[in-house]
Amino acid sequence: MEKRTNRPGRPLTARRQYFDSENRPVTPRRPAAAREGHESRENEGRAADAGRGEFKPRYPHRPAQDRSIDMIFGLRPILEALNAGRTLDKIFLLRGTKNSMTQDIQALAKAANVPVSSVPIEKLDGITRKNHQGAVAYVSPIDYMPLDGILAGLYEDGKTPLLLVLDRITDVRNFGSIARNAECLGVHAIVVPSRGAAQVNGDALKTSAGALNLIPVCREPNLRETLTFLRESGVQIVACTEKSDASLETGAVDLTGPLAVLIGSEEDGISPEYLQLADHKLRIPMAGQISSLNVSVASGIMLYEVLRQRLQAAH
């Protein structure tokens, strides 16, 4: 009697060999139904693991894909970009790195009002998967303009300046919406601080509906000095704040002259040091139970009142 172990091995399921028109062997593809069944079983398994709180990504050590419009990696490329006059949004350098190249980068960045941050390696690894070599820079999709040149040009052209000054607006979508409001309502330029401002990236450009390609953005290293400069240049500073007794709808403040509207951050409004420099403080009247507005909505309301007064004065 033949033992089972003496039988020759054979596949459990015989596979048919396929050939193409030139009699070359080919590997058949699985039917779509079989592929879908396999994928559905994988998805069911993942869903079950997620329900138990056990599902983990396949590559948990890898950061998310780069979402910025453009980035530069390495000390020398960043240094060459600064020397070439490229507009950088911000620079991250590995903490503790000190050499002649990092010193040159910091000096050129300071002259160009580009913020530089010293960060740990984990921060850089979280920004990109690529070999950053301890240095990453975001390239801005827009070119920042000098505020003094814009203001001088407006006066020379006989225009009444209307500027929008943003204090620590950090959400890119809010910033994009504000830029869209500003362009639609006749703002000549947006002023932002070098530090503590939203990054101008793809999300901001998309939310602005292209407005950031049309309206100048001025990046200033010190907003206090900027507000002082505007006041000395004949520009009235009007702060939008809920801490004011004067309400916007009363029309108590003339908004038809040279004007800079000051809008504060999403969390705590306008900094006290900037409020002290404001010529007027106005609050937006509200009748509902919620006592605050989204910052982009507030900017639209303030700028609409400016445009309304100016159109009325023109007639």
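A donor-acceptor pair under 3.5 Å is formed between the side chain of T102 and the backbone N or O of N99. Side-chain atoms of R195 come within 3.5 Å of backbone N or O of V116 as a donor-acceptor pair. With R180 contributing its side chain and F175 its backbone, the two residues share no donor-acceptor pair below 3.5 Å. Not one N or O on the side chain of E242 forms a donor-acceptor pair closer than 3.5 Å with the backbone of R283. Looking only at distances, a side-chain donor or acceptor of S244 sits under 3.5 Å from a matching main-chain atom of A246. Proximity of a side-chain donor or acceptor of H188 to a complementary backbone N or O of L162 within less than 3.5 Å is detected. A distance-only check finds no donor-acceptor pair linking the side chain of R76 to the backbone of M101 [under 3.5 Å]. Side chain of Q236 to backbone of D254: a donor-acceptor contact under 3.5 angstrom is found. A donor-acceptor pair is defined here as one N or O able to donate and one able to accept, closer than 3.5 Å; such a pair exists between the side chain of N181 and the backbone of S296. Of the possible donor and acceptor atoms, none in the side chain of S271 sits under 3.5 Å from a partner among the backbone N and O of E273.
For L275 against A239, the heavy-atom pair with the smallest separation is CD2-CB, 3.7 Å. Heavy-atom minimum distance, L93 versus A135: CD2-CB, 3.8 Å. When every heavy atom of G257 is checked against every heavy atom of T160, the shortest pair comes out as C-CG2, 3.3 Å. Summarising the geometry of D89 relative to Q199, their closest heavy-atom pair is OD2-CG, 3.0 Å, with the distance given to 0.1 Å. The minimum heavy-atom distance linking C218 with L147 is given by the pair SG-CA, 3.8 Å. Taking both residues in full, the closest heavy atoms of T87 and I142 are given as CG2-O, 3.4 Å, listed atom of the first, atom of the second, then distance.
A 4.5 Å side-chain heavy-atom check between V139 and M71 finds every atom pair outside the cut-off. For the pair L259/P161, no side-chain contact is recorded, criterion being any heavy-atom separation below 4.5 Å from C-beta on. Residues P285 and L248 meet the side-chain proximity criterion, which asks for heavy atoms closer than 4.5 Å. Within the 4.5 Å cutoff, no side-chain heavy atoms of V119 are placed close to those of L94. Between T226 and N222 there is no side-chain heavy-atom pair separated by less than 4.5 Å. Contact of the L293 side chain with the I301 side chain is registered, since non-hydrogen atoms from C-beta on lie closer than 4.5 Å. Taking the side chain as every heavy atom from C-beta outward, L255 and V253 approach each other to under 4.5 Å. No side-chain heavy atom of V235 sits less than 4.5 Å from a side-chain heavy atom of F229.
The hydrophobic cluster containing L230 also contains L223, counting ILVMFWY residues as joined when their side-chain heavy atoms lie under 4.5 angstrom apart, directly or transitively. Residues L262 and I215 fall into different hydrophobic clusters, defined by Ile, Leu, Val, Met, Phe, Trp and Tyr side chains chained together at heavy-atom separations under 4.5 Å. V297 and L185 end up in the same hydrophobic cluster when Ile, Leu, Val, Met, Phe, Trp and Tyr side chains are linked at under 4.5 Å. No continuous path of ILVMFWY side-chain contacts below 4.5 Å connects V238 to L151, so the two sit in separate hydrophobic clusters. Hydrophobic clustering, with ILVMFWY side chains joined whenever heavy atoms are under 4.5 angstrom apart, keeps V172 apart from V200.
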For this session: Could you walk me through whether V165 and Y274 pass the side-chain contact (heavy atoms from CB on, under 4.5 Å) test, one step at a time?
Result: CA-CA 11 Å; V165 182; Y274 303 151; over 6 Å; no

For this session: Using the side-chain contact (heavy atoms from CB on, under 4.5 Å) rule, take T128 and L124 through it: C-alpha gap first, then chi angles, then the decisive distance, then the call.
Result: CA-CA 7 Å; T128 180; L124 297 174; over 6 Å; no

For this session: Any chance you could lay out the side-chain contact (heavy atoms from CB on, under 4.5 Å) test for I72 and V136, step after step, and finish with the verdict?
Result: CA-CA 6 Å; I72 302 176; V136 175; over 6 Å; no

For this session: List the steps and the verdict of side-chain contact (heavy atoms from CB on, under 4.5 Å) for H132 and D125.
Result: CA-CA 8 Å; H132 49 71; D125 290 341; 2.8 Å; yes

For this session: Before giving the answer on side chain to side chain donor-acceptor pair (under 3.5 Å), spell out for S265 and D167 the whole-Å C-alpha distance, their side-chain angles and the decisive distance to 0.1 Å.
Result: CA-CA 6 Å; S265 72; D167 174 26; 5.9 Å; no

For this session: Take D70 and R86 through the salt bridge (Lys or Arg N to Asp or Glu O under 4.0 Å) test and state the conclusion after the steps.
Result: CA-CA 12 Å; D70 195 8; R86 294 193 67 180; 3.5 Å; yes

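Atom CG of L311 and atom OG1 of T256 lie 11.5 Å apart (nearest 0.5 Å). Interatomic distance, OG1 of T241 versus CG of L282, reported as 10.0 Å (0.5 Å rounding). In this structure, CD on Q133 lies 10.0 Å from CD1 on I78, to the nearest 0.5 angstrom. Rounding to the nearest 0.5 Å places CG of L212 at 10.0 Å from CD of E183. Within the model, atoms CD1 of I190 and CD1 of I263 stand 11.0 Å from one another, a figure rounded to the nearest 0.5 Å. For the atom pair CG of L164 and CD1 of I178, the computed distance is 7.0 Å after rounding to the nearest 0.5 Å.
Comment: D268 engages R168 in a salt bridge, judged by a side-chain N to carboxylate O separation of less than 4.0 angstrom.
At a cut-off of 3.5 Å, with distance as the only test, no side-chain donor of N174 or S177 sits close to an acceptor on the other residue. Judged by distance alone, the side chains of S194 and N113 never bring a donor and an acceptor atom under 3.5 Å apart. A donor-acceptor pair shorter than 3.5 Å can be found between the side chains of S247 and E249.
Enclosure of atom OH in Y155 by more than 12 non-hydrogen atoms of other residues, nucleotides or ligands within 6.0 angstrom is indicated.
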